[in-house]
Undergrad: 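My questions all concern the structure below.
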Amino acid sequence: MIPISDLIGKGKKQITIDNVDVARVGEYAAEDADFTWRFYETLRPQLDESSLVPLFVETEMRLVPVLAQMERNGVALDVPLLVEMGKDLERQRVEVTAQIYAEAGRSFNIDSTKQLAEVLFDEQGLRVVRKTKTGRSTDADSLGTLAAETDHALPQLVLHYRELSKLKSTYVDTLPRMVCAKTGRVHANYNMIGAVTGRLASNDPNLQNIPIRTALGRQIRKAFVAGRPDHVLLTADYSQVELRLLAHYCQDAALVSAFERDEDIHRFVAAQVFGVDAAEVTAEQRSRAKAVNFGIIYGQSAFGLSRTTGMSVPEAQNFIDMYFRRYPGIRLFIDECIEEAKQTGFATTILGRRRPVPELQSRNRQQRMLGERLAVNTVLQGSAADLIKKAMIDVHDRIMEDPAGPRMLIQVHDELVFEVHEDSAAQEAEKIREQMCRALPLNVPLAVDTSWGRNWLEGKSH
DNA sequence: GCTAGGCGACA
DNA sequence: AATTGTCGCCTAGCC
């Protein structure tokens, strides 16, 4: 077998522990006592007696060769497409730059927040929306506020400039440079350690933050393609995995049965909280329920909810009160997470992964509130990480039996991307869905959406 | 060349 | 004060 370092070039960082190439070692990790010991030492802070087998032996150790294979696989890029996009972005960027200079009455470095602040606030006399540690904020939120409340063209132009600039420098210009000469693909690094919740992290390049939110950014996903003839990219992503875990932990009968019927969970929650039929839920009601559903996962306050939804603070507080009245199990779960973290000092995931939460012991109220959010969020985010890791191992063990079968290429926290022959995409999607749904037994069913197509964007849902 | 800060991409 | 977790680009200041 070709060592990874030969494949993807010198100087490339890989999964390392004490500078040992874990990805390569991982091929025989299970038989390598020295490696196993050092890996154990590295993960020991996350483990206790009860999680040693399910988490360390059965999950983390077995994931090492899976990630090694993913790194070796890499993913193909449509470089000519990226080059064309780069030219187009540059044309637009030059145009917007000229407009910004015209509005400002002079040229300056738009990438410099310091210079930009001078132009906006000193020279153009715009309002300072928010301060940063060292100066006046020019972030998207502040510029959006200014764009909405003034006639000045600059804030909107700078927002546009930033979007073009971000896409070009971080993705369109950078990704082609990372294509390996030998394989014609990019071989990202997956880091098993370092994310406190147990999630994976990815770098060189980071494949876990490829744009999807905006129409322009989404185009970048077209450049991620199947690299072999007659193959497609197949994506399989967990639907609402953290909310399902919340329902699993709470055992709330209504939530669980809604998931069992695979209902639109935000609509369902809106109907329950507002006391109307699901069919009568308005777009705004659903949107508010969705915001609270996610807010719960992060421990959001009424203030935070009011900011993300546009509700007033009392309105947001009222909604949260109604929410907890309808779902007392969720309130109970939150309180239990906090209490356990206070008692034991740790937040603990479904497979027994532990994260210390020293913030709960702080004399600083702000720190203690942070600790409470961490205690809840870590259980949900970390359990979701445990779950997909188990799924990756199961799928890997099956697909490796067939050299012509699917190859696992990318993991993005609740999503897996495979390269698969187009003729078997439909059958493989079902097998992968099945294995992902069964990865861990929960009190709620798991749902996995699949799609496939020539590139990472074009997939059709199935 | 290194580090911190600001910003913004994703789940 | 006010929602969690990552990585990377760019500027600015310092060695």
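Per chain, numbering begins at 1; letters A, B, ... match sequence-line order.
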Undergrad: Starting at CD of A/Glu415 and ending at C1' of C/dT6, how long is that distance when rounded to a whole Å?
TA: 16 Å
Undergrad: Starting at OH of A/Tyr298 and ending at P of B/dA11, how long is that distance when rounded to a whole Å?
TA: 10 Å
Undergrad: Choosing from C/dT3, C/dT6, B/dG6, which nucleotide comes nearest the side chain of A/Val196?
TA: C/dT6
Undergrad: Counting only side-chain heavy atoms from C-beta out, which of B/dG5, C/dC9, C/dT4 sits nearest to A/Leu370?
TA: C/dT4
Undergrad: I want to verify a distance call: between B/dA9, B/dC7, C/dG8, whose nearest atom is closest to the A/Asp204 side chain?
TA: C/dG8
Undergrad: Rounded to whole Å, please give me the gap between CE in A/Met192 and P in C/dG5.
TA: 20 Å
Undergrad: Categorize A/Gln366 for me: base, sugar-phosphate, or nothing, with a 4.0 angstrom heavy-atom threshold over every strand shown.
TA: sugar-phosphate
Undergrad: Confirm from the modelled atom types if A/Arg307 and C/dA2 form a donor-acceptor pair under 3.5 Å, side chain to base only.
TA: no
Undergrad: For the atom pair OG (A/Ser383) and CZ (A/Arg244), what is the distance rounded to the nearest 0.5 Å?
TA: 15.5 Å
Undergrad: Would you classify A/Ser137 as touching base, sugar-phosphate or nothing, given that sugar-phosphate means primed atoms plus P, OP1 and OP2, and contacts are heavy atoms under 4.0 Å?
TA: sugar-phosphate
Undergrad: May I have the distance from A/Ile410 (atom CD1) to B/dA9 (atom C1'), rounded to whole angstrom?
TA: 15 Å
Undergrad: Check the surroundings of atom CD in A/Glu103: do more than 12 heavy atoms from other residues, nucleotides or ligands lie under 6.0 Å from it?
TA: yes
Undergrad: Apply the test salt bridge (charged side-chain N to carboxylate O under 4.0 Å, His left out) to residues A/Asp394 and A/Arg438: give CA-CA distance (whole Å), side-chain angles for both, the deciding distance (0.1 Å), then the verdict.
TA: CA-CA 9 Å; A/Asp394 293 345; A/Arg438 289 173 189 269; over 6 Å; no
Undergrad: Could you check whether A/Leu200 gets within reach of a base, just the sugar-phosphate, or nothing at all, counting any heavy atom under 4.0 Å?
TA: nothing
Undergrad: C/dT6, OP1 or OP2 - any side-chain N/O from A/Thr197 closer than 4.0 Å?
TA: no
Undergrad: Please pick, from B/dC10, B/dC7, C/dT11, the nucleotide with the shortest atom-to-atom distance to any side-chain atom of A/Asn109.
TA: C/dT11
Undergrad: Have a look at A/Glu242 and say if it touches a base, only the backbone sugar-phosphate, or nothing, with a 4.0 Å heavy-atom cut-off.
TA: nothing
Undergrad: Is it true that A/Glu90 and A/Lys87 have a side-chain N and a carboxylate O under 4.0 angstrom from each other?
TA: no
Undergrad: With a 4.0 Å cut-off on heavy atoms, is A/Lys166 in touch with a base, just the backbone sugar-phosphate, or nothing at all?
TA: base
Undergrad: What is the distance from CD1 of A/Ile388 to C1' of C/dT6, rounded to the nearest Å?
TA: 15 Å
Undergrad: Just the rounded figure in Å: distance from P of C/dG5 to CZ of A/Arg373.
TA: 9 Å
Undergrad: Cut-off 3.5 Å, side chains only: do A/His396 and A/Gln69 have a donor facing an acceptor?
TA: no
Undergrad: From B/dC10, B/dG5, C/dT6, pick the nucleotide closest to the side chain of A/Arg213?
TA: B/dC10
Undergrad: So does A/Arg162 get a side-chain nitrogen or oxygen closer than 4.0 Å to the phosphate oxygens (OP1/OP2) of B/dG8?
TA: yes
Undergrad: With P as the reference atom in both, quote the distance from C/dA1 to B/dG6 in angstrom, rounded to an integer.
TA: 16 Å
Undergrad: What nucleic acid atoms does A/Arg355 come within less than 4.0 Å of, heavy atoms only: base, sugar-phosphate, or nothing?
TA: sugar-phosphate
Undergrad: What nucleotide, of C/dA2, B/dA11, C/dG5, holds the atom closest to the side chain of A/Phe303?
TA: C/dA2
Undergrad: For the side chain of A/Ala140, counting heavy atoms from C-beta on, which of C/dT3, B/dG5, B/dG8 is nearest?
TA: B/dG8
Undergrad: Need one value for A/Thr174: base, sugar-phosphate or nothing, where a base atom within 4.0 Å counts as base even if backbone is also close, heavy atoms only.
TA: sugar-phosphate
Undergrad: Between C/dC10 and A/Ser112, is there an OP1 or OP2 to side-chain N/O distance shorter than 4.0 Å?
TA: no
Undergrad: Between C/dA12, C/dT3, B/dA9, spot the one nearest the side chain of A/Tyr171, thanks.
TA: B/dA9
Undergrad: Hey, is the side chain of A/Thr113 poking within less than 4.0 Å of OP1 or OP2 on C/dC10, counting only N and O atoms?
TA: no
Undergrad: Which nucleotide in the set C/dC10, B/dA11, B/dG8 lies at the smallest distance from any side-chain heavy atom of A/Arg199?
TA: B/dA11
Undergrad: Reckon A/Asn206 touches a base, only the sugar-phosphate, or nothing at all at heavy-atom distances under 4.0 Å?
TA: sugar-phosphate
Undergrad: Going by ring-ring contact (aromatic ring centres under 6.0 Å, His included), name the pairs with one or both residues in residues 332-378 of chain A, residues two or more places apart or in two chains.
TA: A/Tyr249-A/Phe333
Undergrad: Parallel under 30°, tilted from 30 to 60°, perpendicular over 60°: which one fits the rings of A/Trp452 and A/His462?
TA: parallel
Undergrad: Expressed in angstrom and rounded to an integer, what is the separation of A/Leu116 atom CG from B/dG5 atom C1'?
TA: 15 Å
Undergrad: Checking contacts here: which listed nucleotide (C/dT3, C/dT6, B/dC7) is nearest the side-chain heavy atoms of A/Thr308?
TA: C/dT3
Undergrad: For the pair made of NZ in A/Lys114 and P in B/dC7, what is the distance, rounded to whole Å?
TA: 14 Å
Undergrad: Report yes if some heavy atom in the side chain of A/Phe224 is under 4.5 Å from a heavy atom in the side chain of A/Val417; otherwise report no.
TA: no
Undergrad: Name the nucleic acid region contacted by A/Val376, choosing base, sugar-phosphate or nothing; use a 4.0 angstrom heavy-atom cut-off, strictly under.
TA: nothing
Undergrad: Is any N or O donor-acceptor pair between the side chain of A/Gln208 and the base of C/dT6 shorter than 3.5 Å?
TA: no
Undergrad: When all nucleic acid strands are considered with a 4.0 Å heavy-atom cut-off, which category describes A/Ile212: base, sugar-phosphate, or nothing?
TA: sugar-phosphate
